[in-house]
Amino acid sequence: MKAAAFDYHAPPTVESAVALLERFEREGLDAKVLAGGQSLMPMLNMRIARPQVLVDIGRIAALDYIRAEGDAIVIGAMTSKRAAEDSALLKDRQPLFHAATLLIGHRQVRNRGSVGGSFAHADPAAEYPAVAQVLDIQLKAQGPNGVRTIAAGEFFVTFMTTALESTEVLTEVRIPAFRPGTGWAIQEFAKRHGDLAIAGVATTLRKAKGVCDDVRIATFGVNATAVRLPQAEAALNGKAPTAENFARAAALAGESVAEPISDVHASADYRRQLVKVLVGRCLAEAAGRAG
Ligand SMILES: Cc1cc2nc3c(=O)[nH]c(=O)nc-3n(C[C@H](O)[C@H](O)[C@H](O)COP(=O)(O)OP(=O)(O)OC[C@H]3O[C@@H](n4cnc5c(N)ncnc54)[C@H](O)[C@@H]3O)c2cc1C
């Protein structure tokens with residue numbers, strides 16, 4: 001099947017992209033931003049999405065960068081996931097974000113797919129939204145009223161829905177400093193390498209005076225959007241990093257995860273069990289890395 005007919009614009013700047021989106025909104029036309037097209041193009045071809053206009057931001061060179069800003073790392077929304085995968089800066093300073101990148105699809109998908117696209121698309125099974133929840137990532141958006149910054153906790157609303165307005169372009173992903181000594185892990189279960197995860201877990205924790213501290217656990221592929229598991233986190237905070245304590249937190253993670261998705265890939269119970277297993281593994285791995 002081929003996409004329904006649409007008008008196509010490829011503005012050279014974010015300002016001109018926003019002006020186009022604002023104009024189409026005024027005219028009552030359904031316009032969509034096109035980035036790497038790795039999710040949107042299949043949706044167009046399957047006619048799941050039928051926008052009247054595409055605003056292609058792929059030629060906006062100003063949105064392609066990875067750089068340090070003080071202790072933070074900032075990534076332009078149109079930066080490819082391949083660039084993130086190949087970035088020594090990310091690998092060295094944000095190892096969890098880097099490891100998550102390697103789990104996304106195949107090299108070919110990462111070659112075209114943008115970093116910003118994975119945030120804006122907000123697939124429930126995507127790795128970046130869960131990583132964003134544990135790393136306190138901030139998203140920068142530009143619209144007719146200027147630039148605003150949105151915390152990850154407010155950005156992901158529900159299934160493929162974000163806080164972005166239809167006239168806004170996501171321009172930047174800001175990853176705050178990764179505190180030295182923080183242990184991290186990301187694990188997922190997928191049917192084949194490169195498939196979206198049936199369930200996954202991202203974790204960070206620190207060790208202070210022999211006990212776990214600042215434990216953060218987020219799941220993906222389990223609910224309509226990535227979620228933190230505060231009860232499991234609280235169960236491990238202040239406790240020794242032992243196999244028994246990890247198992248207790250993991251069991252609580254499995255029990256406390258709210259209404260997992262049940263679909264053709266896996267039942268809700270199966271996903272709950274995956275959360276338990278993956279949280280247990282991630283906590284042990286993260287504790288091993290915490291220094
Ligand atoms: C075979 C295959 C396997 C995959 N496996 C995974 C996986 O394991 N994990 C994973 O996370 N993803 C996976 N993906 C999806 C992939 O990561 C996409 O690249 C990503 O979801 C979207 O990025 P994109 O640049 O291609 O965006 P597009 O497909 O161009 O756009 C996706 C959506 O986001 C919006 N959008 C994109 N950028 C912006 C922006 N800057 N501002 C406002 N709106 C914007 C678009 O309007 C559209 O609604 C896979 C894709 C394929 C084809």
Side-chain angles (χ1 to χ4, degrees), residues 3 6 8-11 13-14 17-18 20-21 24-25 30-46 48-60 62-65 75-85 97 99-132 139-143 147-148 150 155-156 159-173 186-200 202 220-221 225-226 265:
F6 52 81
Y8 174 85
H9 296 260
T13 62
V14 176
V18 169
L20 283 170
L21 291 171
F24 299 135
E25 172 98 345
D30 179 20
K32 265 223 161 290
V33 169
L34 173 67
Q38 293 303 290
S39 295
L40 186 53
M41 290 312 295
M43 290 172 77
L44 294 182
N45 286 341
M46 288 186 273
I48 296 168
R50 300 175 72 135
Q52 292 156 297
V53 191
L54 286 186
V55 177
D56 184 352
I57 59 169
R59 295 186 202 167
I60 305 179
L63 290 181
D64 185 1
Y65 57 86
I75 307 176
M78 262 320 296
T79 307
S80 72
K81 295 186 191 69
R82 175 189 45 76
E85 172 180 357
F97 192 92
T101 306
L102 299 180
L103 290 173
I104 299 174
H106 310 274
R107 179 89 170 163
Q108 292 87 335
V109 171
R110 299 195 290 272
N111 205 34
R112 295 284 313 173
S114 66
V115 169
S118 287
F119 286 86
H121 189 54
D123 191 302
E127 292 80 358
Y128 281 163
V131 169
L139 292 316
K140 207 188 260 186
Q142 189 166 334
V147 176
R148 65 180 178 130
I150 311 162
F155 186 80
F156 300 104
F159 183 79
M160 290 186 178
T161 307
T162 68
L164 283 176
E165 300 288 343
S166 54
T167 49
E168 282 182 318
V169 174
L170 175 65
T171 56
E172 187 177 275
V173 174
I186 180 164
Q187 293 204 16
E188 67 180 35
F189 179 78
K191 278 191 180 149
R192 298 169 305 188
H193 167 73
D195 281 4
L196 282 157
I198 289 175
F220 52 99
T225 187
H265 303 295

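Numbering starts at 1 and runs along the sequence shown. Order of appearance sets the numbers: ligands from 1, and atoms from 1 within every ligand.
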Does ligand 1 have any atom that is closer than 4.0 Å to a heavy atom of Asp123? no

Where do Pro129 and Ala226 come nearest, in terms of heavy atoms and distance? C-CB, 3.8 Å

Among all protein heavy atoms in this structure, tell me which lies nearest to atom 31 (O) of ligand 1, with the distance rounded to 0.1 Å. Leu40 CB, 3.8 Å

Measuring from non-hydrogen atoms of Thr171 to any atom of ligand 1, is the shortest distance under 4.0 Å? no

Using modelled atom types and a 3.5 Å cut-off, is there a donor and acceptor pairing between side-chain atoms of Thr79 and backbone atoms of Tyr65? yes

Judged by heavy atoms only, the candidate from Val115, Leu54, Leu170, Leu139 nearest atom 41 (N) of ligand 1 is Leu170

Min N/O separation Ser114 to ligand 1 under 3.5 Å: yes

Pairs where residues 108-129 contributes a residue and the test salt bridge (Lys or Arg N to Asp or Glu O under 4.0 Å) is met, not counting sequence neighbours: Glu85-Arg110

With under 30° as parallel and over 60° as perpendicular, where do the rings of Phe24 and His9 fit, or are they tilted in between? tilted

State if Met78 counts as touching ligand 1 under the rule of any non-hydrogen atom under 4.0 Å. no

Provide, to 0.1 Å, the distance between atom 49 (O) of ligand 1 and the closest protein heavy atom, together with that atom's residue and name. Lys32 NZ, 3.4 Å

Just let me know how Ile104 lines up against ligand 1, side chain, backbone, both or neither, with a heavy-atom cut-off below 4.0 Å. both

Among protein heavy atoms, which lies nearest atom 32 (C) of ligand 1, and at what distance? His121 ND1, 3.7 Å

Find the distance between CD1 (Ile150) and NZ (Lys140) and round it off to the nearest 0.5 Å. 12.0 Å

Evaluate Ser39 for polar contact with ligand 1, using N/O atom pairs at a separation under 3.5 Å. yes

Which heavy atom of the protein is the closest neighbour of atom 47 (O) of ligand 1, given with residue, atom name and distance? Val33 O, 2.5 Å

Value for OG1 (Thr162) from CZ (Phe155), rounded to nearest 0.5 Å, stands at 4.0 Å

Which atoms of ligand 1 sit under 4.0 Å from any heavy atom of Asp195? 8 (O)

Please report which non-hydrogen protein atom sits nearest to atom 28 (P) of ligand 1, along with the residue it belongs to and the distance in Å to one decimal place. Gly37 N, 3.4 Å

Between His193 and His106, how do the two ring planes meet: parallel, tilted or perpendicular, split at 30° and 60°? perpendicular

Nearest to atom 9 (N) of ligand 1, what protein heavy atom do you find, and at what distance? Glu127 OE1, 2.8 Å

What atoms in ligand 1 come closer than 4.0 Å to a heavy atom of Ile57? 40 (C), 41 (N)

Atoms of ligand 1, numbered as shown, that sit under 4.0 Å from any heavy atom of Leu34: 30 (O)

Within the 4.0 Å heavy-atom shell around Gly113, which atoms of ligand 1 are there? 19 (O), 25 (O), 26 (O)

May I ask you to identify the nearest protein heavy atom to atom 24 (P) of ligand 1, giving residue, atom name and distance to one decimal place in Å? Gly36 N, 3.5 Å

Counting each atom of ligand 1 from 1 as listed, which ones have a heavy atom of Ala126 under 4.0 Å away? 11 (O)

Contact (N/O only, under 3.5 Å) between Lys81 and ligand 1: yes

Looking at Arg59, I want to see if its CZ is surrounded by more than 12 non-hydrogen atoms of other residues, nucleotides or ligands under 6.0 Å. no

Taking atom 5 (N) of ligand 1 as the point of reference, which of Gly105, Ala197, Ser80 owns the nearest heavy atom? Gly105

Taking the side chain from Lys81 and the backbone from Ser114, do they hold a donor-acceptor pair closer than 3.5 Å? yes

With sequence neighbours excluded, what pairs up with Ala17 under the side chain to side chain contact (heavy atoms under 4.5 Å, CB included) test? Pro11, Val55, Ile57, Ile60, Val169

Contact region, Met41 to ligand 1, non-hydrogen atoms below 4.0 Å, reads neither

The atoms of ligand 1 lying under 4.0 Å from a heavy atom of Ala35, numbered in the order shown, are 25 (O), 27 (O), 30 (O), 37 (C), 38 (N)

Flag, side chain of Gln52 to backbone of Asp30, donor-acceptor distance under 3.5 Å: yes

Please identify which atoms of ligand 1 are closer than 4.0 Å to at least one heavy atom of Leu103. 8 (O)

How far is atom 1 (C) of ligand 1 from its nearest protein heavy atom, and which residue and atom is that? Val109 CG2, 3.8 Å

Show the atoms of ligand 1 that are less than 4.0 angstrom away from any heavy atom in Ala120. 34 (O), 35 (C), 36 (N), 37 (C), 39 (C), 44 (N), 45 (C)

Report the distance from atom CZ of Arg107 to atom CG of Leu102, rounding to the nearest 0.5 Å. 9.5 Å

